[in-house]
Amino acid sequence: MKSEEIIKHLGPLAPLAGKWKGDSGIDTSRIHSKETVTKYREEALFTPIGPVHNGPQELYGLRYSMTAWPLDSEDAFHEELGYWLWDKGNGQVLRSFMVPRGVVVNAGGCVKEGDKSFRLEAKCGSETYGVMSNKFLDDTYKTKSYDVDVVIHDEGKFSYKQDTQLWIPVNQAIFHHTDENTLEKV
């Protein structure tokens, strides 16, 4: 099936197909046990795929890759590879991705076909929308939950705000690693 035909089946994800750039990102994270704010730029590519059949379930989606760089550096500090999927039959959007730190996230949420904003969530230990980490991160910066709020704007832009809640045993506390940006289609 051609990309143009697949896009017709992407529901609320259809506007995301294509290449995107944004340079107004704000990352709040922990570096060497200190809360740090990094302003960043990013590029994302969303390529239509589908249909994908799981028995009677039919998914259409976007294969995606994203890379982020601090505004003052040519060295990337974050990358993701994964899929955004639309399950029209169950009214669900799924975001499945991996970061090269050994973390895998499968987030999801109820979304209507025409929605321009939605929230996806994943919880550590969930058998459906969950988070898994490598052994080192599970012992030192355990991801307890992940959520992302997405807004698709009418003028060829989309925004996101995400919160990755990390349990840090040495501090006996949850740290909110947050990222947000607005990207424009190029």
Side-chain angles (χ1 to χ4, degrees), residues 1-25 40-68 76 78-132 143 145-164 178-186:
M1 189 178 284
K2 293 183 178 181
S3 288
E4 301 80 31
E5 193 62 31
I6 295 170
I7 290 171
K8 294 177 185 176
H9 297 280
L10 287 173
L13 299 178
L16 295 178
K19 186 174 183 178
W20 298 81
K21 290 185 178 185
D23 62 2
S24 60
Y40 66 94
R41 63 186 169 88
E42 73 182 288
E43 293 181 9
L45 178 63
F46 296 88
T47 305
I49 63 161
V52 176
H53 296 282
N54 291 323
Q57 182 188 41
E58 184 175 73
L59 304 171
Y60 284 87
L62 299 163
R63 178 185 307 113
Y64 88 99
S65 62
M66 183 280 283
T67 305
H78 184 79
E79 293 185 44
E80 295 177 4
L81 292 173
Y83 298 92
W84 289 71
L85 301 168
W86 169 234
D87 178 356
K88 181 178 180 177
N90 291 298
Q92 297 275 295
V93 167
L94 298 75
R95 181 180 180 190
S96 301
F97 66 97
M98 179 177 183
V99 295
R101 289 179 170 83
V103 177
V104 179
V105 177
N106 188 41
C110 294
V111 182
K112 295 183 182 117
E113 190 154 359
D115 285 353
K116 296 287 188 184
S117 64
F118 50 87
R119 180 182 187 85
L120 308 177
E121 299 177 337
K123 304 277 185 230
C124 181
S126 173
E127 293 185 12
T128 54
Y129 296 131
V131 179
M132 290 179 43
T143 302
S145 67
Y146 166 86
D147 57 69
V148 62
D149 294 300
V150 177
V151 177
I152 299 169
H153 308 280
D154 290 332
E155 61 276 356
K157 295 180 181 181
F158 85 94
S159 302
Y160 68 86
K161 291 183 179 183
Q162 61 189 26
D163 181 9
T164 305
T178 60
D179 295 285
E180 61 183 273
N181 204 353
T182 298
L183 291 88
E184 292 186 46
K185 193 175 251 187
V186 294

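Predicted model, so just to flag it, every value in this text is computed and none were measured.
- Under a 3.5 Å cut-off, the side chain of D147 and the backbone N or O of L120 do not form any donor-acceptor pair.
- A distance of 9.5 Å separates CZ in R101 from CD in E79, rounded to the nearest 0.5 Å.
- The shortest non-hydrogen separation linking A14 to I7 is CB-O, 3.6 Å.
- A pairwise comparison of heavy atoms in F118 and V93 identifies CE1-CG1, 4.1 Å as the closest pair.
- Residues W86 and L62 are not in side-chain contact: their nearest non-hydrogen atoms beyond the backbone lie 4.5 Å or more apart.
- Looking at Y64 and E80, their side chains do bring a donor and an acceptor atom within 3.5 Å of each other.
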> Under the side chain to side chain contact (heavy atoms under 4.5 Å, CB included) criterion, do W84 and V150 qualify, and how do the steps go?
Replying inline: CA-CA 12 Å; W84 289 71; V150 177; 3.8 Å; yes
>> K116 vs D154, test: side chain to side chain contact (heavy atoms under 4.5 Å, CB included). Steps then yes/no.
In response: CA-CA 9 Å; K116 296 287 188 184; D154 290 332; 4.0 Å; yes
>> Could you go through V99 and H78, starting from their C-alpha distance and side-chain angles, then the distance that decides it, and tell me whether this counts as side chain to side chain contact (heavy atoms under 4.5 Å, CB included)?
In response: CA-CA 8 Å; V99 295; H78 184 79; 3.4 Å; yes
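- Here the shortest heavy-atom pairing between N106 and A122 reads O-CB, 3.6 Å.
- Around atom CD of E155, more than 12 heavy atoms belonging to other residues, nucleotides or ligands sit under 6.0 Å away.
- In this structure, P12 and I152 approach most closely via the heavy-atom pair O-CD1, 3.3 Å.
- Relative orientation of the Y60 and H9 rings is parallel, given thresholds of 30° and 60° on the angle between their planes.
- Using a cutoff of 4.0 Å between basic side-chain nitrogens and carboxylate oxygens, K88 and E58 are not scored as salt-bridged.
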>> Quick one, M98 with V104, criterion side chain to side chain contact (heavy atoms under 4.5 Å, CB included). Give me CA distance, side-chain angles, the key distance, then yes/no.
In response: CA-CA 4 Å; M98 179 177 183; V104 179; 4.1 Å; yes
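- Counting all heavy atoms, side chain and backbone alike, Y129 lies closest to G109 at CE1-N, 4.4 Å.
- Side-chain N or O atoms of D87 include one that pairs as donor or acceptor with a backbone N or O of N90 at under 3.5 Å.
- Here the closest non-hydrogen pair linking K185 and G18 is CE-CA, 4.4 Å.
- Panel note: side chain D23, backbone R41; no donor-acceptor pair is recorded below 3.5 Å.
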